[in-house]
Protein chains: 2
Amino acid sequence: MSIPKPGQPVRGSTTGAPIMALFDLLGRRWAMGIIWNLAAGPATFRALQSPTGRIQGKTISPSILNARLKDLQEAKLVVRTLDGYGLTPLGRQLFTLIEPLDPWSLEWGKAL
Amino acid sequence: MSIPKPGQPVRGSTTGAPIMALFDLLGRRWAMGIIWNLAAGPATFRALQSPTGRIQGKTISPSILNARLKDLQEAKLVVRTLDGYGLTPLGRQLFTLIEPLDPWSLEWGKAL
DNA sequence: CAGCGCGCTACCGATACAGTAGCATGCTAC
DNA sequence: GTAGCATGCTACTGTATCGGTAGCGCGCTG
């Protein structure tokens, strides 16, 4: 799958609205989970796969994990470092924006 | 596809962390786009499908739109009203949380 | 240099998604 | 009152994405 660039988004959208490109990227499986996990600090490929991460209760397939990491790197949200993968400054900014979803999700859970 | 209940999330996750259930729900195609669109006011099925919405640059398949609306209704984020579909109070809360992504996505777009 | 752990790729079956067609219902016009 | 017509949705058929397992290459260890 190609890169969801804000100017020329993929997967159907033709407007080019950056927010749609973002939804396109974050709408992929595990994308937000990976960002969430990396926000706690850099992690290795294996660590991201394991169920002991900050959220994941399940091992992610290596193939899909690799694909998502490539997506996120192309989006400049994640970088490879010596000790695995970590968030870029941009990625950390994004995390601060989605972080409030955590407390809200608790309320949401109660409401269901 | 079953409902992503916070207690018993679907699609692989086994932890039950509400945030993961939320990621699971929002990680589906068009889910955030629909919420975004409905935040501007109630819309009919046809209106949500059309490319003239607040973001969509492309018509969504009726089958997938229907599936997503069902998901969001089960999650109590969207309700059917007389004049189509609209956000629940919960849905509006969620929108206020994801709204900041819009200005950020502009910066992100420039950075790419 | 055999063994091991890690990072990843290749493959294949299972879902989810996209696109088109078409049906049911309600409204309008004649 | 029936012939259109638009709306809301379902059915069907491909295609893309995802999930799961196997296994390869590489560096390190003994």
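All of these numbers come straight from a predicted model, not from anything done at the bench.
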Checklist entry - Can you tell which of C:dG7, C:dC17, D:dC12 lies closest to the side chain of A:Arg80? => result C:dG7
Checklist entry - Expressed in angstrom and rounded to an integer, what is the separation of A:Phe45 atom CZ from D:dC26 atom P? => result 17 Å
Next on the checklist: A:Leu77 and side-chain contact (heavy atoms from CB on, under 4.5 Å): which single residue from A:Leu38, A:Asp71, A:Ile35, A:Ile34 fits?
Outcome noted: A:Ile35
Item to check | Whole-Å gap separating P (C:dG7) and CG (A:Leu48) | outcome: 9 Å
Checklist entry - Hey, does the side chain of A:Arg46 come within less than 4.0 Å of C:dG7's phosphate (OP1/OP2), counting only N and O? => result no
Checklist outcome for this item: Taken to the nearest whole Å, CH2/B:Trp30 to P/C:dA16 is 18 Å
Next on the checklist: If you compare every side-chain N and O of A:Tyr85 against the phosphate oxygens of C:dC8 (OP1, OP2), does one of them come in below 4.0 Å?
Outcome noted: yes
Checklist entry - Between C:dG7 atom P and A:Leu82 atom CG, what is the distance in whole Å? => result 13 Å
Checklist entry - Which pair of non-hydrogen atoms, one from A:Trp104 and one from B:Leu90, has the smallest distance, and what is that distance? => result CZ2-O, 3.5 Å
Next on the checklist: Given D:dC18, C:dC17, C:dT9, identify the nucleotide with an atom nearest to the side chain of A:Lys70.
Outcome noted: C:dT9
Next on the checklist: Between B:Glu99 and B:Phe95 (side chain of the first, backbone of the second, donor and acceptor by atom type, cut-off under 3.5 Å), is there such a pair?
Outcome noted: no
Next on the checklist: Can you tell me how far apart CE (B:Met32) and CG (B:Leu25) are? Round to the nearest 0.5 Å.
Outcome noted: 9.5 Å
Checklist entry - Looking at D:dC18, D:dT10, C:dA10, which one has an atom nearest to any side-chain atom of A:Ser63? => result C:dA10
Item to check | Rounded interatomic separation in angstrom, taking CD from A:Gln49 and P from D:dG20 | outcome: 11 Å
Item to check | Distance in angstrom units between A:Ile64 CD1 and C:dA16 P, rounded | outcome: 13 Å
Item to check | Backbone N/O of B:Val78 and side chain of B:Gln73: donor-acceptor pair under 3.5 Å | outcome: no
Next on the checklist: At under 4.0 Å between heavy atoms, how does the protein contact nucleotides 21-28 of chain C? Give one character per nucleotide, 5' to 3', with B, S or -.
Outcome noted: B-------
Item to check | Per A:Arg68 side chain, nearest of listed nucleotides D:dT10, C:dC8, D:dC18 | outcome: D:dC18
Next on the checklist: Please check: side-chain N/O of B:Thr88 versus main-chain N/O of B:Gly91, any donor-acceptor pairing under 3.5 Å?
Outcome noted: yes
Checklist entry - Within this structure, what is the CD1-to-P distance between A:Ile60 and C:dT9, rounded to whole angstrom? => result 16 Å
Checklist outcome for this item: From CZ of A:Arg28 across to C1' of C:dC17 the rounded distance in Å is 13 Å
Checklist entry - Under 6.0 Å between the ring centres of A:Phe23 and B:Trp36? => result yes
